[in-house]
Protein chains: 2
Amino acid sequence: MSDDRSSHDALTGGARRSTFGGLDDLDRALLRELERDGRISNKDLAERVGVAPSTCHTRVAALRTRGVLRGFHADVDPEAVGRGLQAVIAVRLQAGARPQLGAFAHALAARPEVRDVYLLGGSEDILLHVAVHDSRALRAFVVEHLSARREVAHTQTSLVFEHLHAPTTAV
Amino acid sequence: MSDDRSSHDALTGGARRSTFGGLDDLDRALLRELERDGRISNKDLAERVGVAPSTCHTRVAALRTRGVLRGFHADVDPEAVGRGLQAVIAVRLQAGARPQLGAFAHALAARPEVRDVYLLGGSEDILLHVAVHDSRALRAFVVEHLSARREVAHTQTSLVFEHLHAPTTAV
DNA sequence: ATTGAAACGAGCACCGC
DNA sequence: GCGGTGCTCGTTTCAAT
């Protein structure tokens, strides 16, 4: 019964238990499919990984409870919503401003232009990934929210020509 | 009827048409909710934005067709799947290797450690965001897939202490 | 373009294994 | 812990506004 589709299968009856952190092959298969399509129905998901819908439902709920599955999010084309220009900005803080790094980073993350904030160890303190309407908006952001702040010692902006995003593959 | 929850409402009967690229207030409300919770049911989504389920369904389908909504993806905790160490790596290529930049970048994106590949304009050519098991795995990745390649002129690795991700807010 | 009703299909909980 | 069964609820289509 059922049809082998992409990868998976050989789960039912195959080797099971945890290769890492209490995740077995079935858990990993579920995560893989849900990263590929976060809106797949429970029935289709069960079919894809080769278990009963009830089992699938229980497992996914458990992954959520354990915090392995943090949530599901729509992927929106930045260009379609008027944010066709992307950039990464490396930010170095004044030595004395390090204690406020956390608060500063969270404030930046709350801005609509900001997509990612990386808190770094190394020569730079923060790396920002931003999406804006045009170069004028990019300059405005850097000037108003970075250069103008006393905590900021230095910034370096690079345009993003292309951004490839890949799922978190389990070990 | 219904309960005002977070923001929105005042859509039904309010001002409509496109503020940007053919997206009206209803479209933006839908995108906002779907970025917050990509697995919300159509019924609940309709209730949140204040329209009938059938209308909601039509609009979301249209956003998909137009390419505004690119997909839905599960958010998996990297630490829970054995990738608790994150880093960003700036890569500069040899001048002569630029024509192969695209192919090289796509090959990197296919590796399980790699979460994001940014193709940059500026002093560096590529910025990588990787998630690995430990520092040994990080070093192995850099040595085997970056330093060892003839196209690569220089790399600079910084550890990521914290990563904040925010939705793409429409203009 | 939005809606409500109607048919279809999926989600969810219970029970047996 | 996993899988089958059945009731309930959501999704999706379509005629009408």
Side-chain angles (χ1 to χ4, degrees), chain A residues 1-5 8-34 36-69 71-72 74 80, chain B residues 1-3 5 8-34 36-69 71-72 74 80 170:
Chain A
M1 308 77 194
S2 88
D3 46 348
D4 305 31
R5 237 168 284 211
H8 66 281
D9 276 51
L11 289 178
T12 323
R16 283 291 176 86
R17 269 289 117 195
S18 41
T19 305
F20 179 86
L23 294 180
D24 63 13
D25 291 343
L26 177 53
D27 290 323
R28 276 189 292 276
L30 292 171
L31 293 175
R32 180 159 31 81
E33 294 300 329
L34 287 172
R36 218 185 38 84
D37 178 6
R39 253 188 113 89
I40 188 173
S41 75
N42 184 66
K43 181 184 170 288
D44 288 351
L45 179 58
E47 200 168 285
R48 265 182 174 274
V49 302
V51 294
S54 51
T55 305
C56 184
H57 186 264
T58 311
R59 287 295 195 114
V60 173
L63 287 170
R64 267 179 175 281
T65 305
R66 286 202 264 163
V68 179
L69 260 176
F72 297 88
Chain B
M1 312 80 201
S2 85
D3 45 349
R5 236 167 284 208
H8 64 281
D9 277 52
L11 290 178
T12 323
R16 284 293 176 90
R17 270 288 116 197
S18 42
T19 306
F20 178 87
L23 294 180
D24 65 11
D25 291 343
L26 177 53
D27 289 324
R28 276 189 292 277
L30 291 171
L31 293 174
R32 180 160 31 79
E33 294 300 331
L34 287 172
R36 217 187 36 85
D37 178 7
R39 252 188 115 91
I40 188 174
S41 76
N42 184 65
K43 179 182 173 290
D44 288 351
L45 179 58
E47 200 169 284
R48 266 179 173 275
V49 302
V51 294
S54 50
T55 306
C56 184
H57 186 261
T58 311
R59 287 294 197 116
V60 173
L63 287 170
R64 266 178 174 282
T65 303
R66 289 155 74 191
V68 179
L69 260 175
F72 297 87

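Each chain gets a letter, A, B and so on, in the order the sequences are listed, and its residues count up from 1.
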Test A/Glu47 against A/Lys43 for side-chain contact (heavy atoms from CB on, under 4.5 Å), laying out the working first.
CA-CA 6 Å; A/Glu47 200 168 285; A/Lys43 181 184 170 288; 4.0 Å; yes
Dump the intermediate steps for side-chain contact (heavy atoms from CB on, under 4.5 Å) on A/Leu69 and A/Leu30, then the final yes or no.
CA-CA 10 Å; A/Leu69 260 176; A/Leu30 292 171; over 6 Å; no
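For A/Arg59 and D/dG1, the shortest distance from a side-chain N or O to OP1 or OP2 is not below 4.0 Å.
Taking atom CG of A/Leu63 as the reference point, atom P of D/dG1 lies 13 Å away to the nearest angstrom. In this structure, CG of A/Asp25 is placed 13 Å from P of D/dC2, rounded to the nearest angstrom. A straight line from CG of A/Leu45 to C1' of C/dG11 spans 13 Å, rounded to a whole angstrom. The CD-P distance, from B/Glu47 to C/dT3, rounds to 14 Å in whole Å.
Proximity of B/Val49 to B/Arg59: side-chain heavy atoms (C-beta onward) are nowhere separated by under 4.5 Å. At a threshold of 4.5 Å between non-hydrogen side-chain atoms, the residues A/Leu31 and A/Leu23 count as touching.
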Can you check each nucleotide of nucleotides 8-17 of chain D against protein heavy atoms at under 4.0 Å and return B for base, S for sugar-phosphate only, - for none, in 5' to 3' order?
--SSBB----
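A/Asp27 has a carboxylate O that lies under 4.0 Å from a charged side-chain N of A/Arg66, or vice versa, which qualifies the two as a salt bridge.
One distance of note links CZ of A/Arg36 with CG of A/Leu45; it measures 9.5 Å at 0.5 Å rounding.
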